[in-house]
There are 2 protein chains.
Amino acid sequence: MSLNCQDEVEATLEVLVGKWKLIILSHIALNKTMRFGEFQKSIPDITKKMLSSQLRDLEYHGIISRKVYNQMPLKVEYAITEYGESLKPILDTLVHWGKNHIEYMSSQEKKVVDSSG
Amino acid sequence: MSLNCQDEVEATLEVLVGKWKLIILSHIALNKTMRFGEFQKSIPDITKKMLSSQLRDLEYHGIISRKVYNQMPLKVEYAITEYGESLKPILDTLVHWGKNHIEYMSSQEKKVVDSSG
DNA sequence: CCGTATCCGGGAAGATACTG
DNA sequence: CAGTATCTTCCCGGATACGG
């Protein structure tokens with residue numbers, strides 16, 4: 001057995017690496033199923049190219065599924081898989097820490113303002 | 001209040017982004033305090049430059065501290081801060097998921113082998 | 001022993017135009 | 001509506017050499 005956990009962390013990072021994957025997951029984890037255009041509305045700064053490639057990566061790793069409805073206008077629905085749901089604890093800890101970190105940073109800001117006044 | 005948690009995830013990612021930060025953290029979280037050379041031994045693939053820059057980033061964000069001992073040969077000790085300890089739940093979930101993911105992948109491998117035989 | 005300085009390539013990511 | 005194709009830009013991260 002390994003004493004440190006480098007391999008495990010790296011294995012996870014391989015799936016989650018990329019500027020937008022965790023952002024995408026934070027949205028689809030809440031909505032269960034989302035369309036391409038819904039992602040674009042939810043994440044205004046992402047380009048179609050990046051959204052497309054990140055979704056493909058996540059699909060490749062079995063985190064999300066992609067279903068095409070053969071109708072006009074075209075409709076594609078992305079859903080989080082059961083395996084993808086297993087990432088929720090990671091998302092939760094990230095959100096929790098981020099929330100605290102945002103508060104922490106704004107409190108640091110105030111300190112700087114106070115000490116300068 | 002926000003319904004999705006994009007800001008929180010992004011805030012966390014800003015601190016943890018970079019090829020090596022979570023790897024570094026997975027080591028120092030266990031050892032509490034580590035020297036520069038110990039990191040290099042533990043993470044053979046990292047270059048001095050990357051190690052140095054990632055450590056500086058982490059120090060800047062208050063995750064680790066840096067203490068220089070004015071002696072020859074030079075000795076520098078990095079320690080995880082209390083704030084850095086608050087990242088442990090993230091590390092734990094990453095390790096836990098990675099462990100499961102590694103098993104999952106090796107089981108998929110076997111399936112492929114079986115179905116081809 | 002613990003880094004920094006400098007140079008550089010390659011991949012990540014953006015902009016834009018086009019397609020079924 | 002849901003992407004792909006193409007071109008370009010940027011900067012992360014590697015290699016190497018040098019400094020305190």
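So that the names make sense, note that chain A is the first sequence line, chain B the second, and so on, each numbered from 1.
- With A:Ser65 contributing its side chain and A:Thr81 its backbone, the two residues share no donor-acceptor pair below 3.5 Å.
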B:Val76 and B:Lys67: CA distance, side-chain angles, deciding distance, side-chain contact (heavy atoms from CB on, under 4.5 Å) verdict: CA-CA 6 Å; B:Val76 178; B:Lys67 182 173 181 182; over 6 Å; no

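- Using cut-offs of 30° and 60° for the angle between ring planes, the B:Phe39 and B:Tyr78 rings count as perpendicular.
- Listed by residue number, A:Leu74 are the residues of residues 59-79 of chain A with a heavy-atom contact under 4.0 Å to DNA chain C.
- When B:Thr93, B:Leu94, B:Ile90 are each tested for a side chain to side chain contact (heavy atoms under 4.5 Å, CB included) with A:Pro89, only one passes: B:Thr93.
- A 4.5 Å side-chain heavy-atom check between B:Val15 and B:Thr12 finds every atom pair outside the cut-off.
- Rounded to an integer number of Å, the gap from CG of A:Asp45 to P of C:dA13 is 14 Å.
- As rounded to whole Å, 13 Å separates atom P of C:dT4 from atom CD of B:Gln54.
- Side chains of B:Lys21 and B:Ile24 form no contact here, defined as non-hydrogen atoms less than 4.5 Å apart.
- Look at NZ on B:Lys49: it is 12 Å from P on C:dC7, rounded to the nearest Å.
- The rotation axes computed at either terminus of the helix from C:dC1-D:dG20 to C:dG20-D:dC1 lie 50° apart, taking five pairs at each end and rounding to 10 degrees.
- Here the P atom of nucleotide D:dC11 and the CG atom of B:Asp57 are 15 Å apart, to the nearest Å.
- Looking at the side chain of A:Phe36, the nearest of the listed nucleotides D:dG13, C:dC2, D:dA2 is D:dA2.
- Side-chain contact of B:Tyr83 with B:His61: a donor-acceptor pair under 3.5 Å is absent, judged by distance alone.
- Distance CG (B:Leu16) to C1' (D:dC12): 17 Å, rounded to an integer number of Å.
- Distance check: A:Glu14 CD to B:Met105 CE gives 6.5 Å after rounding to the nearest 0.5 Å.
- Taking atom CG of B:Leu51 as the reference point, atom C1' of D:dA15 lies 16 Å away to the nearest angstrom.
- In this model, the phosphate group of C:dT4 is approached by a side-chain N or O of B:Arg56 to a distance below 4.0 Å at OP1 or OP2.
- Distance CZ (B:Phe39) to C1' (C:dC1): 15 Å, rounded to an integer number of Å.
- Listed nucleotides: C:dT4, D:dG13, D:dT4. Nearest to the side chain of A:Lys48: D:dT4.
- Between the side chain of A:Ser52 and the backbone N or O of A:Lys48, no donor-acceptor pair lies under 3.5 Å.
- Where B:Gln40 and A:Thr47 meet DNA chain C, the nucleotide closest to each residue was compared, and B:Gln40 sits on the side nearer the 5' end.
- A sub-4.0 Å separation between OP1 or OP2 of D:dA2 and a side-chain N or O of A:Arg35 is present.
- Taking atom CE of A:Met50 as the reference point, atom C1' of D:dA2 lies 17 Å away to the nearest angstrom.
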